[in-house]
Amino acid sequence: MPGDLYILKETRERVLLPIDSYWVILATLFILTVAFGSISAYSYKTAVLGIAFLFFSTAVFVKPIIGLYSILFSLPLMNIGFVYENPNRTNDEFISIAAVPIVVTFVVYLTNRVLYSKHKSNTIRQGSYHYAQFLLFFLILGFSIISLLWTIDSAHGLNNIFVLILGFILIILFSGNILTKEHIHHILKVLPLLGLFLAFLLLLSDIYYDFTSTVKLSDYFDLVVMLHANAMEGKVRPGGFAPVDLASNILTIFVFTNIALAYISGWRGRILLLLHSFLLIICILKTASKAGALSLAFGLFLLPIIIPELRNKVIRLTTVGVFAIGFVLVFFGKVILMRFGVMISGEAGFLTDRVYWWSQGFEQLYKSSGIGLGAGGFTRIIDPVPAAHSFYFSVLFDLGIFGFVLFMTLLVVIIRKIIVSLPGIAQTEMRFLLYCLSIALVTLFLHGFVDFDYSYLPFWALVGFMMGIIRIYKTKKEATVSA
């Protein structure tokens with residue numbers, strides 16, 4: 001225990017600067033202030049953004065957990081970001097606003113490692129670099145960069161690779177900066193608030209579904225804020241913070257984190273989390289995403305089967321769950337029931353459109369002798385469709401058979417790591433949390449058959465968070481770290 005308390009103490013103190021580094025920081029701030037003052041003469045918008053960026057960077061340096069909070073709150077906001085024109089496609093290139101806190105936090109993380117390279121703290125563990133998935137990720141990233149030599153859309157390819165790098169950074173940040181039980185609890189506590197915020201944005205887009213605001217940063221670069229929604233036969237499918245299908249998947253993750261929190265909460269907390277989950281499920285149904293609803297239902301069905309603590313309640317929980325889902329569908333699921341009806345009748349293009357896009361991908365894969373169209377290449381073939389609508393086919397059509405094998409090997413390594421580690425988690429509450437997150441990952445894998453692409457950031461963040469928890473709680477000794 002004393003050793004663990006020392007680790008916790010060092011964790012809290014590691015952001016303090018060595019006394020002889022203050023003059024360097026002051027000199028840097030002076031230079032940056034002069035620079036921003038000069039920039040303001042050219043563009044006050046750029047100067048304001050630069051100053052905000054500086055203050056945010058300083059806050060993250062002083063308290064790194066702010067960086068993780070900023071990432072968590074910006075990551076789902078897929079309708080806020082930067083756009084620039086792509087001459088090869090109908091749609092503009094889009095970079096999520098989450099890229100800013102991810103890059104800033106990562107730079108601060110590296111800076112701390114340099115400043116404390118001789119520090120005897122055990123807060124940043126080298127073990128986070130020993131996972132096999134990091135080697136595979138480097139191989140996938142390297143092959144993606146090489147594929148720019150034959151891609152048919154280098155602009156979108158560069159965007160895809162940049163987002164893929166952000167995904168890699170997310171794994172490093174969550175597995176490298178989540179160091180104690182205290183950090184995990186802090187993150188878990190803010191998730192319900194974030195879920196409520198996202199639900200509010202989704203419901204807001206049901207009313208203001210055409211809201212879009214653009215700030216022109218330069219002749220080629222804009223900041224866009226919008227509330228996403230799709231119209232279908234006079235009905236609005238709200239997405240709010242993200243495209244409707246992605247919004248349903250992201251909210252599903254929050255449903256399972258609520259279940260994990262309910263396990264360690266008192267009866268008042270459980271009631272609030274139940275109501276919160278009820279609201280999230282209503283929002284998921286309002287998106288009318290068939291894949292989102294089915295993957296959520298499958299995940300809820302798995303809960304009492306997979307989690308040991310719930311197996312003796314499987315009949316009761318399944319019965320209550322069936323009645324609850326039926327109630328929600330009757331009163332709040334009219335649009336999604338209509339979509340299921342249209343799909344069953346064969347009048348919908350839900351599957352036929354995707355089959356056509358994928359057939360184009362397989363045709364191009366055959367013509368390229370299995371090498372693929374290069375990073376970002378497939379979306380040019382199906383333009384103006386913005387994505388391949390498949391987590392798996394997107395990498396196959398872009399990076400070919402070799403890239404697909406690497407990617408699937410990475411998924412197998414991640415899944416195996418989770419399965420092997422779960423029995424060794426000594427803390428019951430953390431084991432329960434990992435089971436819930438694992439089921440959320442399963443819903444993502446299922447939903448990924450008909451949506452997303454391989455650079456989908458919530459996937460990499462979820463994996464990084466799970467790796468961080470496993471690294472801390474995989475032994476009984478580490479499980480004694482006190483909050």
Side-chain angles (χ1 to χ4, degrees), residues 128-154 156-172 175 249 291 295 354-382 387-421 438 441-464 466-467 470:
S128 61
Y129 293 96
H130 291 168
Y131 294 123
Q133 66 263 21
F134 281 91
L135 173 61
L136 287 167
F137 204 109
F138 269 121
L139 290 174
I140 293 172
L141 183 59
F143 189 68
S144 300
I145 294 173
I146 293 172
S147 74
L148 289 175
L149 297 174
W150 64 81
T151 184
I152 61 175
D153 190 347
S154 57
H156 191 54
L158 287 169
N159 190 342
N160 271 18
I161 291 172
F162 174 68
V163 177
L164 194 61
I165 292 173
L166 294 180
F168 185 33
I169 292 174
L170 283 173
I171 294 180
I172 294 176
S175 63
N249 175 258
S295 60
R354 284 171 169 78
V355 169
Y356 173 74
W357 301 331
W358 299 337
S359 67
Q360 295 295 304
F362 281 109
E363 181 180 341
Q364 295 297 324
L365 185 67
Y366 176 77
K367 290 181 179 179
S368 66
S369 301
I371 198 174
L373 296 167
F378 179 62
T379 50
R380 185 175 180 183
I381 297 296
I382 59 174
H389 286 81
S390 175
F391 187 62
Y392 311 98
F393 289 161
S394 62
V395 67
L396 177 62
F397 299 151
D398 275 9
L399 304 183
I401 296 174
F402 181 71
F404 181 75
V405 170
L406 285 176
F407 191 78
M408 293 307 295
T409 304
L410 173 63
L411 295 186
V412 170
V413 168
I414 291 172
I415 294 171
R416 182 183 179 279
K417 180 70 176 179
I418 294 170
I419 294 175
V420 171
S421 300
S438 299
L441 196 62
V442 170
T443 65
L444 190 150
F445 285 147
L446 290 176
H447 198 162
F449 277 105
V450 292
D451 271 308
F452 323 140
D453 59 27
Y454 56 94
S455 59
Y456 184 51
L457 288 179
F459 166 74
W460 302 112
L462 180 58
V463 169
M466 295 177 72
M467 292 300 105
I470 288 172

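Residues that satisfy the side chain to side chain contact (heavy atoms under 4.5 Å, CB included) test with V420, not counting sequence neighbours, are R416. With sequence neighbours excluded, the residues that form a ring pair (Phe, Tyr, Trp, His ring centres under 6.0 Å) with H447 are F452. Residues satisfying the ring pair (Phe, Tyr, Trp, His ring centres under 6.0 Å) criterion with Y392, sequence neighbours excluded, are F449. The ring pair (Phe, Tyr, Trp, His ring centres under 6.0 Å) search around F362 returns F393, F397, not counting sequence neighbours. For F407, the ring pair (Phe, Tyr, Trp, His ring centres under 6.0 Å) partners at least two apart in sequence or on another chain are F391. For S144, the side chain to side chain contact (heavy atoms under 4.5 Å, CB included) partners two or more places apart in sequence, or in a different chain, are I140, I161, L164, L399. With sequence neighbours left out, S394 forms a side-chain hydrogen bond (donor to acceptor under 3.5 Å, both in side chains) with no residue at all. Applying the salt bridge (Lys or Arg N to Asp or Glu O under 4.0 Å) criterion to D153, with sequence neighbours excluded, gives no partner residue. Partners of Q360 according to the side-chain hydrogen bond (donor to acceptor under 3.5 Å, both in side chains) rule, which considers only residues two or more places apart in sequence or in another chain, do not exist here. Not counting sequence neighbours, the partners of I418 by the side chain to side chain contact (heavy atoms under 4.5 Å, CB included) test are I414, L422, S438, L441, M466, M467, I470.
Between the side chain of D453 and the backbone N or O of A388 there is no donor-acceptor pair closer than 3.5 Å. At distances below 3.5 Å, not a single donor-acceptor pair connects side-chain atoms of T151 with backbone N or O atoms of L148.
Here CG of D451 is found 5.0 Å from CZ of R354. Values are rounded to the nearest 0.5 Å. Taken to the nearest 0.5 Å, the CD1 atom of I165 stands 12.0 Å off from the CG atom of L170. To the nearest 0.5 Å, atom CG of residue L411 and atom CG of residue L406 are 11.0 Å apart. With rounding to the nearest 0.5 Å, the separation of CG in L139 from OG1 in T409 is 10.0 Å. Summarising the geometry, atom CZ belonging to F138 is positioned 12.5 Å from atom CG belonging to L410; distances are rounded to the nearest 0.5 Å. Summarising the geometry, atom CD1 belonging to I146 is positioned 10.0 Å from atom CG belonging to L141; distances are rounded to the nearest 0.5 Å.
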Determine, step by step, whether I381 and L373 satisfy the side-chain contact (heavy atoms from CB on, under 4.5 Å) criterion, reporting the C-alpha distance in whole Å, the side-chain angles of both residues, the deciding distance to 0.1 Å, and the verdict.
CA-CA 9 Å; I381 297 296; L373 296 167; 3.7 Å; yes
> Going through the distances and angles, do W358 and V450 end up as a side-chain contact (heavy atoms from CB on, under 4.5 Å)?
Replying inline: CA-CA 10 Å; W358 299 337; V450 292; 4.1 Å; yes
Walk me through it: do F137 and V413 pass the test side-chain contact (heavy atoms from CB on, under 4.5 Å)? CA-CA 11 Å; F137 204 109; V413 168; over 6 Å; no
- request: Would you please test Y454 and F459 for side-chain contact (heavy atoms from CB on, under 4.5 Å) and show each step?
  value: CA-CA 9 Å; Y454 56 94; F459 166 74; over 6 Å; no
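Among all heavy-atom pairs drawn from S295 and T443, the shortest one is O-CG2, 3.2 Å.
Within the structure, no pair that satisfies the salt bridge (charged side-chain N to carboxylate O under 4.0 Å, His left out) test touches residues 399-411, not counting sequence neighbours. Sorted by first and then second residue, the pairs that involve residues 360-371 and meet salt bridge (charged side-chain N to carboxylate O under 4.0 Å, His left out), not counting sequence neighbours, are E363-K367.
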